[in-house]
Each structure stands twice: as structure tokens, then as C-alpha cells.
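Take a look at the structure set out below.
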Amino acid sequence: MAHQTRSEVESQAGVEVKPTVCFWCKAECGLLAYVKDGVLLKLEEDPDWPIKCHPPTAGCVRRKAAVEYFYHPGRLNYPLKRVGERGEGKWQRMEWKDALDEIADKLARLRDRYGPETLAATGGTARTHDEYRARFFNLFGSPNLLGQERICFGPRSIVADAIVGMFPNYSLTRDARCILLLGVEPLTSRPMVAKALLEARAQGAKLIVVDPCQTKSASMADLWLPVRPGTDSALLLGMIRVVVDEELYDKDFVERWCYGFEDLLERLREYPLSRVSEITGLPVERIQQAARMYAQNRPACCIEGEGLEHSYTSVQALHARWILAAICGNIDVKGGEIQMGPPGWVPTRDIELWDHLPESQWRKMIGADRFRLSSYDAQVMLMRNITRVWGAPVNEMFHQCQCHTPSAYRAIITGEPYPITALFTTHSNPMVTEIATKTVYQALKSPNLQLYVVIDFFMTPSAELADYVLPAATWLERPDIWAFSDYGGYMWAREAVLPHIVPGRYEHYRDFDIWRELGIRLGQEEYWPWKTLEEALDYRLAPLGYTLKTFPRVILRPVVEKKYEKQGFATTTGKVELRSTVLEALGYDPLPRYMPPPESPQGNPELTRDYPYILITGRRILYYYHSEWRQVESVRKHYPYPIVRVHPETARAEGITEGDWIWIETPRGRVRQKVQFFDKMDPRIISAEHGWWYPELPGPEPSLHGVFESNINVCMSDDPDHCNPEIGSYPLRTALCRIYKAEPPEGIYQA
């Protein structure tokens, strides 16, 4: 069947071949779903899909395991209600109507007693319809959405919007003459970027990689800079100084289109290369070489990743990154950082109805008073500028204006600054994916939390602690439209290829249906005019003259260079703001600087006596997507255990051999992972994986599917004083740790 044409396959009795777009990760591969009588037979790569990636779609183990995943015996298929104590593992099946009735009734009672801000919700990685969750919350009256915004996409998009007026959204193409990778490995985390990177390299583009560990990209780079963890802002300021001192910058662009250049020169005096070298651990000559290579090979494109966002100086490093791009004339040029602008359909923010939440309620958002770059005030400034220049807003409030996640869990526990008594978890697993697992556990077990609802595909450690567990529809079961948060150079739309309800087999609700049903029960009916998700998406596509059925599946948007020459930049000054008026208005330093992470050899040298190593977390694994897929045997067999990378010199000093299990311990706790030797990093670095739990271990407490065994977030700090002062990013790459031998966890999967 694999070699037959689509028409030949469809001519066979009952087999349909349906085009779709995968959303199991951010590769967004075009696929063909083979379906018979509403049952998925397989997913195959669509050879006609124009957006290619690397590694190629054909080799994806998740695609090959699609049927195993979808019909897995562990899939949640019907609503469940807790009938024992939280974490006891006693459940009762419910009908959807009864579950939603009970949840809505409890929400109404809690709202009446504590105010609407008593409700919060955790989210995942924008792979679901979070805009309808946000719509429900804004109408309900709560500003407290929480999740990964502070450490994934939020900082980079907010800072870009503030400094250059529109995030270019990974605009790397084969036309780049130089590529600068900052704390990111596209070959294992961003397949579309990886494809463009390889194409550009094949045409002679230079490649600079900034990463403490040698990645695959670093191994083929012209220049690898193994920067000391947490010092990226100092490195970038040093590179900027070289570009300025040697007059390698684009003088015409700086004079006409940059604001604050003289102020930048003053700041650069604080960063002579000798100081930058001392901070970063890099020789002066390598810093100069990197700056010259970037500045002299234009157009150049920079791709930044979580390596910057997971740091104490996330905002400073991102600000410096945009200054470097701007003064070298790489903004909105082909091969550089192209700003696409809004796609033309109804913006996601209009669906969220964020203007329906009163300003008085926005001011109650947990953490917004301290971490003000992710706040209502910041969003008003950013979107006012973007709408003025581009005609419509971009991105989503749930990506740029979430409450501070660590502070929200603390609020549940303490009741301060006010009680959070109800929590939803939608398609996320905070017991594994949120920082400081012990704090999250304490919050989810707290008697202060009177209602906890989980919407997910499988029973997770987080779901084991819920009061209600609702089965979610996967991307295969729901339609969607996407233009990467309305920034993208492409737009696609897809219809559902599988039914989300099959009587007698499963009842998976779409996010839209859950939030709409709850909204109607809580007095929001007039704001939910669409009865189905298909109707809602048709409404969004209407300005383009399409519906879901008539949209041409994918549109590659044309590239227009230097749009700023006609419209200016979408900032307060109309220029690239080297000195940020947004940061200044919020009470922050308007220029980038270096600050040592509070828990690091530079920030707390005394702690290194007991914890001598620097712990980096979050290395990506091709087989998994964060905490997902570990219950799917055909995937798990490829990568059965959590791997911690240890330098051979360090291992010898600690009496550790390759293949040993070791404890990784910080002042917060310890977990164990399996050792792999890796000598392409400083011996003081320990590189651990995130996302690990063991679906095969018992769900009830105390196990909770082994959530405390190998989950590195047990070890990480959620102290607000350790978070970035402007936006609240929490440190996942600079903790201090020690290591020693351990026994493997009992009862886990054996390869």
C-alpha cells in the first residue's frame, strides 16, 4: 500500500487517505492519514508537503507509532472522578454532562466565595487550542494562566517585540551567509530550522555555535564557543563591543533606524574584552573571531533557544542578541531576520477576548507586580505599537502574559496574596515539567486547592492527584489553523481525520468543547456563538475568503524586505530600540548587562564546596517530546532510560564508570539517571535530561509513576530571587550539584 497512489488506495474498499499536519512536535510535518471506517491504519509522509524538515519525516519514530499511541490501552477515554483521597488511585467513571455540571457548580461556588481570580490553569506547549481556554478565563474573570511561557517562547518573543517591533520567528533560510546559534540545537529540537541550516551550510554559510556542550551543530561549525553557563549576555556584549570598536557595524542603518546608540556605547565601556573573557571563560581571540565572522558575512541570522531563556539573565541576553543583529543590518532582510507580520485572519488575541478582562483583574495576576515584562502594562505597550504599524496584534496573551508559575504554586500553598482554590491542568504534566517538583506536589496536595481538574491523553503523575480527569482529543481528532502564533512565514489549516467520539469505544472532548460547555454553564453563552470548533475556525478564516474546507492546506507567504522603510518599526520610537523604552517605562535598566546567576560559582562560591558541579538540564531527545511518549513501547525501546552526561575526568574523580546510575543532588533534592561519558564540555558540567517519569510504575502514592525517581525538576530552584528580574524566567541551566553512585530504580522498563 505504501507505494500506491492516493487514488489507488482510496479505490480499495473503505480506505480513505486524508491529508493532515502533525502537531506531536514543532516540525509540523505534512502527513497522509490512512483511515478505514473511522479507524487509523497508519500515517505516512506526504511527499507534496512543501515545508521540509530534518531529520526527514520518513524516519520519525512517533509517526510510525501513531496507531500504537492512539489506541494505547492507557489512553484516557471517559471522564473520571476521584472517589478516594488524592493520589489514592480510586476513580469512578462519569458521563460528560455530569462531570461538566459538577465542575461548573464548584467553580461558581468558589468564584462567589473567593472572587474569580481564585481560578488558575496550567498549560503545555501550544499544541492545543489554548485561545479558547484564555477566552473562558477572561470571561470568567481570572488572569491566572500559568505554564511554560517564562521559559519557552515568551521571553524571546516579548523581547523581540519590544526591541525590533515584531518577532521574526526563526526566519533562517538558505540565503543566510552566517548563522549564529545561541543555546539551541536545531538538529534535535527544531526540524524546520535544521533543514534550512543544512541548506545554508551547503551554500557556504558560516556557522557559529554558542553552547557549553558540543552539540551536533557545534561539531560541524566554523566556530564553537563553549561559554560558561549563564554568561551569554556578557559574551554578546563583548561581541557587540568588537563590532563597534572595529567599525564593522552598518553605519547607515544605525544612524537612520536605531535609537540609543550613544547610550549603548557608554554601556559597552563596562565590558572590555578582558572582563568578558574572565566572565565567559572564553579567550579574547575567540570572542573577536566570532564577532568578526558574524559582522563580515551578511546577511546573518541568529537563532536563539531555551539555553538563553532558561537563565537568570534571559532578558539581557535576548536584548543583546537583537542589538547585535540590528547594528549589523540584519533586520528584515532576506537571509537575515525577516519580519512577516500578521497573517490576515482573525487574530488569536481577538479570540482570547483579553480586553474583556477588566484592568483591575489583570492587576491581580500572580507575579505581575514583580516580573513586569510579562504583565498587562507591558502587553498594552507592545500591542499598541504592533497594531499601529502592522494593523493587527500577533502572538497570544497566554504566551506573553501568564502569571509567574512558581509564585502561583506558592500562592496555592500559602493563600498569599490571595487564595487560589481551583486549578485546571490542560495537556501538560506539571509534576514532571514544572520547576521544583516538591513545591508543585505540595500545592496539588494542599487542602487549600479545593478543585483540581486535569485534561489529558494519558494518566500522568499530575492526573493521579486530580479530582476530575477529562479525556482529551489529540490533533488527529480536531481541526486547526496555524501560523506559528501569527508570526510565521506560512499558514496551514487541517480538518480532523478521526472522530473524537466513537460510542462504546471512547469519548475524547476537544478543548473548545470543554471550555464552551463550562462557559455556557457559567453565564458566558453570548460569547460562544459557534457550536463547533469547525465553525469557530471558519470565522477566523473568513477575512481571507476561506473556510476550513476551501483553504489550500498551506500557504507560503511572500517575503518583502525592509518594510520598515515605509512603515518604520513597531516600537515607541519607530526605530530598533537599542535602549528600550518599554523596559525603561516598566522601571528596568533599558540596556543589557551581565549579572551572575545567584546559584552559580560566580554568584555563590561558598555553595561550591558542597556542590562543586554546574547542572545543565533540558537537553532534547528526538524520540520524545518533553514528558510524552514514554508509555509507547515501540518508542521507549529506542531510548529506555534517562541519560546524564558526565565528563570522563569527573567520573574518574568520583569513582563512576560509564553505564552506572548516579544520584544528582542539589540543595532541593536528588534524582538518579544513567551515566553516559561525554568529553566535549567542561569537566565541571553535569548535563541531565528532563521530562522523565515511569508510566510502568504504580500510579497511586507514594510512587505516582516514579515521578521523584529521575525527574530532574526535583532538583531545580523555584526561588523568585533566582528568577530573571524582568520577566521571571527560572534557572534550568546553572544549578549547583554533586554526584555519587546509585542503584537503578526498581521495576522500571528493561530494554
Side-chain angles (χ1 to χ4, degrees), residues 155-156 158-168 180 182 210 231-277 279-280 284 287-288 290-296 298 300 302 304 308 313-333 336-337 373 381-382 385 564 568-595 724-727:
R156 77 188 79 149
I158 291 172
V159 174
D161 288 350
I163 305 305
V164 298
M166 176 66 62
F167 179 48
L180 173 60
L182 291 167
V210 178
T231 65
D232 304 86
S233 59
L235 170 62
L236 288 163
L237 284 164
M239 290 176 65
I240 293 167
R241 174 147 188 175
V242 173
V243 170
V244 170
D245 286 352
E246 299 185 7
E247 298 188 5
L248 301 176
Y249 61 95
D250 186 327
K251 295 182 177 63
D252 180 66
F253 184 85
V254 167
E255 181 178 349
R256 295 177 60 202
W257 294 108
C258 289
Y259 168 78
F261 187 63
E262 294 300 321
D263 297 309
L264 173 65
L265 295 181
E266 186 68 27
R267 176 56 54 88
L268 291 177
R269 293 191 180 96
E270 301 173 22
Y271 293 91
L273 292 193
S274 57
R275 182 188 177 205
V276 173
S277 176
I279 292 170
T280 63
V284 167
I287 299 168
Q288 292 171 322
R292 292 164 184 161
M293 186 178 293
Y294 177 85
Q296 293 174 340
R298 304 180 194 170
C302 176
E304 72 277 18
L308 266 60
T313 55
S314 60
V315 168
Q316 289 74 24
L318 290 163
H319 189 172
R321 166 259 191 276
W322 285 110
I323 289 175
L324 181 63
I327 66 172
C328 291
N330 289 318
I331 305 299
D332 209 29
V333 295
E337 319 264 6
L373 190 54
M381 285 188 279
L382 295 178
N385 288 334
Y564 57 83
F569 287 95
T571 62
T572 303
T573 61
K575 299 181 177 183
V576 174
E577 296 196 347
L578 313 181
R579 178 189 177 102
S580 171
T581 60
V582 171
L583 287 170
E584 194 164 22
L586 294 170
Y588 296 119
D589 191 333
L591 291 162
R593 67 196 188 285
Y594 165 71
M595 303 177 295
N724 172 261
E726 292 87 358
I727 207 168

Are side-chain heavy atoms of [X] and [Y] found at a separation under 4.5 Å?
{"X": "V576", "Y": "T571", "value": "no"}
{"X": "C328", "Y": "V243", "value": "yes"}
{"X": "P592", "Y": "I323", "value": "yes"}
{"X": "R292", "Y": "L248", "value": "yes"}
{"X": "L237", "Y": "L268", "value": "yes"}
{"X": "R298", "Y": "D250", "value": "yes"}
{"X": "V244", "Y": "L265", "value": "yes"}
{"X": "T581", "Y": "T573", "value": "yes"}

Between [atom1] on residue [X] and [atom2] on residue [Y], distance to nearest 0.5 Å:
{"X": "S580", "Y": "M381", "atom1": "OG", "atom2": "CE", "value": "8.5 Å"}
{"X": "D232", "Y": "L308", "atom1": "CG", "atom2": "CG", "value": "4.5 Å"}
{"X": "N330", "Y": "L324", "atom1": "CG", "atom2": "CG", "value": "8.0 Å"}
{"X": "I240", "Y": "R267", "atom1": "CD1", "atom2": "CZ", "value": "11.5 Å"}
{"X": "I331", "Y": "C258", "atom1": "CD1", "atom2": "SG", "value": "8.5 Å"}

Can you name the one residue among R241, Q316, R321 that meets side-chain contact (heavy atoms from CB on, under 4.5 Å) with L236?
R321
Nearest heavy-atom neighbours spanning [X] and [Y]:
{"X": "G238", "Y": "I287", "result": "C-CG2, 4.1 Å"}
{"X": "V582", "Y": "L373", "result": "CG1-CD1, 4.2 Å"}
{"X": "A234", "Y": "T280", "result": "CB-CG2, 4.1 Å"}
{"X": "R593", "Y": "E726", "result": "NH1-OE2, 3.5 Å"}
{"X": "L578", "Y": "H319", "result": "O-NE2, 2.9 Å"}
{"X": "M595", "Y": "T313", "result": "O-CG2, 3.2 Å"}

Ring pair (Phe, Tyr, Trp, His ring centres under 6.0 Å) against Y564, all qualifying residues, sequence neighbours excluded
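Per chain and number, Y564 pairs via ring pair (Phe, Tyr, Trp, His ring centres under 6.0 Å) with F253, W257, F569.
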Result block: side-chain N/O donor-acceptor pairs under 3.5 angstrom for residues 158-168, not counting sequence neighbours:
from : atom 1 : to   : atom 2 : distance (Å)
D161 : OD1    : F167 : N      : 3.0
D161 : OD1    : Y487 : OH     : 3.3
D161 : OD2    : Q400 : NE2    : 3.0
D161 : OD2    : Y487 : OH     : 2.7

What's the verdict on salt bridge (charged side-chain N to carboxylate O under 4.0 Å, His left out) for E337 and R156, showing C-alpha distance, side-chain angles and the deciding distance?
CA-CA 13 Å; E337 319 264 6; R156 77 188 79 149; over 6 Å; no
